[in-house]
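Count residues from 1 along the sequence. We count ligands from 1, going down the list as the structure has it; atoms in each ligand are counted the same way. All values below come from the heavy atoms of this structure, side chains included, with hydrogens, waters and symmetry mates left out. Note that the structure is a prediction, hence the values are computed from the model and not measured.
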Amino acid sequence: MTDPYSPIARLLHHRTQGRRKGEPIALPIVASSTFDQPGDPDGTHFYGRNGNPTVEEVEAELGILEDAQCVLFPSGMAAIASVFSGHLRPGDRVLVHSDGYYNARALLAAQFEPMGVRMETVATADFASADFTGVKLALIETPSNPGLDVCDIAAVAGRAKAAGTILVADNTTATPLCQRPLDLGADVSIMADTKAMAGHSDILAGHVASRNPALIEPVKNWRRLAGALVSPFDAYLLHRGLETLELRVGRANSNALAIATALSGDPRVSGLRYPGLAGDPAHAIARRQMKGYGPIVSFCLKDRATSEAFIARHPLLAAATSFGGVHSSAECRIRWGDAVPEGFIRMACGIEPVGDLVAATLAALDAG
Ligand SMILES: *Cc1c(COP(=O)(O)O)cnc(C)c1O
């Protein structure tokens, strides 16, 4: 089934056409490390590190969302590691966001710089004017996390292409429903499926998507050789999350916009960022390239103690890291050493009814 149906309709029904009478409607979990394979290999399954039917079904679903070939990993970082490992060699220069997910930089510093890869960092908001000359690979993250700056993916992709740079976009904050980096010219899209894609804070997973076989092949090869395979059970939970992705993302995004709107102009709140707010510095670019603005709202209260107390007394906020789950959560990012003010809160909206979430947030502020 292809056009005219939406990716979500095709995802939900991608097994419908080929299904025979008596076969299960729900995706079977094939828990087997080895497969019947007498004689010479014939291209069918033979060992779990080389392929698992459940994992392949979920990769097909991700492929429908991304309109690209997808390779699934047991975490977002394993997906990022596969791209670095598959494509970076000694002497290569890599440009990476200075304000996005910090473990991407930590991985380059720990494993790749000692092997002769040169890392340079660029703020997300400056990527569209960065110099890509001689750069092998660039990693952008837009909206960035936790600061929620954005960069113009099409503009960055134009410069990267001209310089022969592989442009990799971490699309975790947006999801492929709200932003399609590959349509905008990125070569590779990466997701931490741990977040909104799986969506229930119960597994880690990640994937790499690309329309260029020459870029995806080394990623697949690395996965097979390094053994970074997701289990069929976790793949199933990701599949289960994907089936409700549109509903959850829609609610979480509208919750985030409602929270940002309720907080904007409040004298107790400073540094409010949400790319969906008309007054946000990122809004003009975000509106051009995004269909929804994600679940995360960032803002500051007076100081760390005030922010911790706000989170503690808010009845609908789990005091937890991560985002994209069904439960709203929040944390003071200073605790991880992010370059943010003491009172900086990253609030990740879940799927609670919007009226409850806004009322509880304002009540928690009022009680401060
Ligand atoms: C969480 C996250 C990752 C890493 O994903 P894990 O599944 O935790 O390894 C990468 N990028 C972004 C933007 C993230 O939020």
Asker: Side-chain donor-acceptor pair under 3.5 Å between T124 and E141, yes or no?
Answerer: no
Asker: Show me the donor-acceptor pairs, under 3.5 Å and distance only, between side chains in residues 289-299 and residues at least two apart or in other chains.
Answerer:
{"from": "Q289", "atom 1": "OE1", "to": "I153", "atom 2": "N", "distance (Å)": "2.9"}
{"from": "Q289", "atom 1": "NE2", "to": "C151", "atom 2": "O", "distance (Å)": "2.7"}
{"from": "S298", "atom 1": "OG", "to": "P146", "atom 2": "O", "distance (Å)": "2.7"}

Asker: What distance separates I8 CD1 from L65 CG, expressed to the nearest 0.5 Å?
Answerer: 5.5 Å
Asker: Indicate yes or no: does E120 engage R93 in a salt bridge with an N to O separation below 4.0 Å.
Answerer: yes
Asker: Distance under 6.0 Å and angle within 45° of the ring axis: does K136 meet both against F84?
Answerer: no
Asker: Looking only at side-chain N and O atoms, does T44 offer a donor or acceptor that is under 3.5 Å from a partner on Q37?
Answerer: yes
Asker: Just the distances, no angles: every ligand 1 N or O to protein N or O pair closer than 3.5 Å, one line each.
Answerer:
{"from": "ligand 1", "atom 1": "7 (O)", "to": "G76", "atom 2": "N", "distance (Å)": "2.8"}
{"from": "ligand 1", "atom 1": "7 (O)", "to": "T194", "atom 2": "OG1", "distance (Å)": "2.6"}
{"from": "ligand 1", "atom 1": "9 (O)", "to": "G76", "atom 2": "N", "distance (Å)": "3.2"}
{"from": "ligand 1", "atom 1": "9 (O)", "to": "M77", "atom 2": "N", "distance (Å)": "2.8"}
{"from": "ligand 1", "atom 1": "11 (N)", "to": "D170", "atom 2": "OD2", "distance (Å)": "2.7"}
{"from": "ligand 1", "atom 1": "15 (O)", "to": "N145", "atom 2": "ND2", "distance (Å)": "3.3"}
{"from": "ligand 1", "atom 1": "15 (O)", "to": "K195", "atom 2": "NZ", "distance (Å)": "2.6"}

